[in-house]
Novice: 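The structure under discussion is supplied below as structure tokens; questions concerning it will follow.
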Amino acid sequence: MAGFRSEFLRVLDERGFIFQCTDPAGLDALAQAGGLVAYVGFDCTADALHVGNLVSIMMLRWLQRTGHRPIVLVGGGTTKVGDPSGKDESRRLLSDEDIAVNKRGILRSLQKFLDFGEGGALLVDNAAWLDELRYIPFLRRYGRHLTVNRMLTFESVRQRLEREQPLTFLEFNYMVMQAYDFLELARRYGCRLQMGGSDQWGNIVCGIELAHKTDRITLYGLTSPLITTASGAKMGKTAQGAVWLDDNKVSPFAYWQFWRNTEDADVGRFLRLFTELPLDEIRRLEALEGAELNEAKKILAYEATRLCHGAEAAERAARAARAVFEGAGDGLEGLPVVAVSRARLAQGVPVVELLTRAGLAQSLSEARRLIRNGGARLDGRKVEDERLVVTLAMVGAEGLKLSAGKKRHVLIRAES
RNA sequence: GGAGGGGUGGCCGAGCGGUCAAAGGCAGCAGACUGUAAAUCUGCCGGCGUAUGCCUACGUAGGUUCGAAUCCUACCCCCUCCA
């Protein structure tokens, strides 16, 4: 599918964003003409986005950078229905309040990547039209164009049926809602393209077909490959769950570390997808071998963190990493800080409690185990006694580095 | 509506009156080896805890028993077949 003429598709293609496209040539021409409006939908099930959403976000970012207009559709309405594509069990239904909170968080995550200023990216909530949809008129107008035969062939549905897991009518309607969203966005904002992960293909196509039948307009769909790590794990899921793009949930230091720990085989691919470095630079970096490749990982970590948290935070994270892992300089202030009151420290705080508070262990028992396994350290020295009590003097003015294993570190600070 | 099967720790999955905080696998955490990689090996892996100690847990609620994840009753949920 080489030879795109529009900058937008060329970039996406070269960087590995394209999995399927309904009509590459047609879309290319449209993009070439300029002023393309495209959207990606995010559901509202959490109060932030995570690394798993990053591919879509980067596609929107490139869209904007190459002179087009991104629309972010949050599923305030569809979240009330629940996407069956996840193939797990039905999702829990959220209240309006949850959804409102989540929407704000999602916007917060996105603002770092997209410009929502005048004439820029648009944030739209499909509750605007879905909430007041009237059943009979809707069925008469759109239901006639959608055949169950067709819908049953979609992957998301087929999987459920084959696995003999229940698929409720409510969920079955998800794709209808999403199809209608596309149509509605086309009407309201002239949106012509929907992008998403490869699991969204069926839903996207459904919208394209609907729009063609009702409004006789041609819409386009573009999906990105499902990103897994070289060893097959789903991207962006780690120990504590998702790697969030929100610095309140995942510190810039932890975010930087996430990228730094990329598997060798993924470095090139991730540089293309998750940074904006020029391709020849990336080719040079991914050609590095053995331990040299670590340099590429640091650059990946820096660039990815910069996009998400800004240059300054990325810098601090990089410095903290150098201090912690290479013993170079004092960049410890870049570590996530856990503040403990002076008064508390004056009385003495058990290390196990500190470990738990710092999020390095989930319970006191786990903290204890960590110590028994020899994984807990204070300023680099192994904690031998699980009953150890940390005092104000130990923390000092500089703070005290508390570590769980080689990779998780936190700075304990006294606070008045 | 009828008949049958099933609900066990984050997931899968054994257990079917005591020796069960519950085999095994996956995931996770830590240690060793390395390059903050991968692979491999070792340990840990409900909570509280100085503790051979206590608490919570095998769908829910009761009951039988010295003792129940295991037996009985009711209820809820899921699946299969029949109508």
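Convention: sequence-line order gives letters A, B, ...; per-chain numbering from 1.
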Novice: Between B:C44 atom P and A:R369 atom CZ, what is the distance in whole Å?
Specialist: 11 Å
Novice: For the C1' atoms, the ones on B:U52 and on B:U8, what distance do you get once it is rounded to whole angstrom?
Specialist: 28 Å
Novice: In whole angstrom, give me the gap between the C1' atoms of B:C20 and B:A74.
Specialist: 27 Å
Novice: Could you tell me whether A:D264 and A:K297 have a side-chain N and a carboxylate O separated by less than 4.0 Å?
Specialist: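 So A:D264 pairs with A:K297 through a salt bridge.
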Novice: Roughly how many Å is it from CG in A:N373 to P in B:G43, rounded to a whole number?
Specialist: 11 Å
Novice: Where is the tightest heavy-atom contact between A:T275 and A:W62, given as atom of each residue plus distance?
Specialist: O-CZ2, 4.4 Å
Novice: Say we look at B:U34 and B:U19: how far apart would their P atoms be, to the nearest angstrom?
Specialist: 45 Å
Novice: Would you say B:G46 has OP1 or OP2 under 4.0 Å from some side-chain N or O of A:S363?
Specialist: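 For A:S363, the contact criterion (side-chain N or O under 4.0 Å from OP1 or OP2 of B:G46) is not met.
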Novice: With rounding to the closest Å, how many angstrom separate the C1' atoms on B:A51 and B:U64?
Specialist: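 Between the two C1' atoms, the distance is 35 Å.
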Novice: Answer whether the closest heavy-atom distance between the side chains of A:Q64 and A:L60 falls below 4.5 Å.
Specialist: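 The answer is no; the side chains never approach within 4.5 Å.
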Novice: Check this for me: does any side-chain nitrogen of one of A:K112 and A:D246 sit under 4.0 Å from a carboxylate oxygen of the other?
Specialist: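 So A:K112 does not pair with A:D246 through a salt bridge.
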Novice: In whole angstrom, give the distance that lies between atom CZ of A:R372 and atom P of B:A30.
Specialist: 17 Å
Novice: Where is the tightest heavy-atom contact between A:K401 and A:L335, given as atom of each residue plus distance?
Specialist: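 Heavy atoms only, the tightest pair is CG-CD1, 4.0 Å.
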Novice: Take atom C1' in B:G9 and the same atom in B:A23, then report the distance between them in whole Å.
Specialist: 13 Å
Novice: Starting at the 5' end of RNA chain B, which residue's closest nucleotide do you reach first, A:E386 or A:S365?
Specialist: A:S365
Novice: Begin with the C-alpha distance, continue with both residues' side-chain angles, and end with the deciding distance and a verdict on salt bridge (charged side-chain N to carboxylate O under 4.0 Å, His left out) for A:E14 and A:R272.
Specialist: CA-CA 8 Å; A:E14 288 168 343; A:R272 267 179 264 270; over 6 Å; no
Novice: Under a 4.0 Å threshold between the charged nitrogen and the carboxylate oxygen, would A:R10 count as salt-bridged to A:E7?
Specialist: no
Novice: When you measure from the side chain of A:R408, which nucleotide among B:G47, B:G49, B:A30 comes out closest?
Specialist: B:A30
Novice: Could you spell out the base pairing of RNA chain B in dot-bracket, with Watson-Crick or G-U pairs whose two distances are under 3.5 Å, [ ] crossing and | to another strand?
Specialist: ((((((((.[[[..)..(.....]]].(((((.......))))).(((....)))...[[[[[..)....]]]]]))))))).
Novice: For each nucleotide in nucleotides 32-38 of chain B, reading 5' to 3', give B when a protein heavy atom comes within less than 4.0 Å of its base, S when such contact involves only the sugar-phosphate, and - otherwise.
Specialist: S--BBBS
Novice: Ignoring the backbone of A:L370, work out which of B:C48, B:A30, B:G31 is nearest its side chain.
Specialist: B:A30
Novice: For A:E286, is there an ion pair with A:R269 - N to carboxylate O distance below 4.0 angstrom?
Specialist: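 Here A:R269 does not pair with A:E286 in a salt bridge, since their nearest N and O are not under 4.0 Å apart.
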Novice: Distance check needed: B:C45 P versus A:R368 CZ, whole Å only.
Specialist: 13 Å
Novice: Write down the distance between CD1 (A:I371) and P (B:U50), rounded to a whole number of angstrom.
Specialist: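 So the CD1-P distance, A:I371 to B:U50, works out to 12 Å.
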Novice: Distance check needed: B:G49 P versus A:R387 CZ, whole Å only.
Specialist: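 That distance rounds to 12 Å.
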Novice: Expressed as a whole number of angstroms, how long is the span from A:L355:CG to B:C44:C1'?
Specialist: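 In whole Å, B:C44 C1' lies 15 Å from A:L355 CG.
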Novice: Using whole Å, what does the distance between atom P of nucleotide B:A30 and atom CD of A:E366 come to?
Specialist: 9 Å
Novice: Can you check whether A:F274 and A:W259 have ring centres sitting under 6.0 Å from each other?
Specialist: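 Ring-ring flag for A:F274/A:W259: true, centres closer than 6.0 Å.
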Novice: Tell me, yes or no, whether the heavy-atom count around A:K213 atom NZ, taken from other residues, nucleotides or ligands under 6.0 Å, exceeds 12.
Specialist: yes
Novice: Using the P atom in both, what is the distance from B:C82 to B:G24, to the nearest Å?
Specialist: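 Pairwise P distance, B:C82 against B:G24, rounds to 41 Å.
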Novice: In whole Å, measure the gap between the C1' atoms of B:G4 and B:C11 for me.
Specialist: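 My reading of the C1' atoms in B:G4 and B:C11 gives 28 Å.
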Novice: Between B:C77 and B:A22, how far apart are the two C1' atoms, rounded to whole Å?
Specialist: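 Their C1' atoms lie roughly 24 Å apart.
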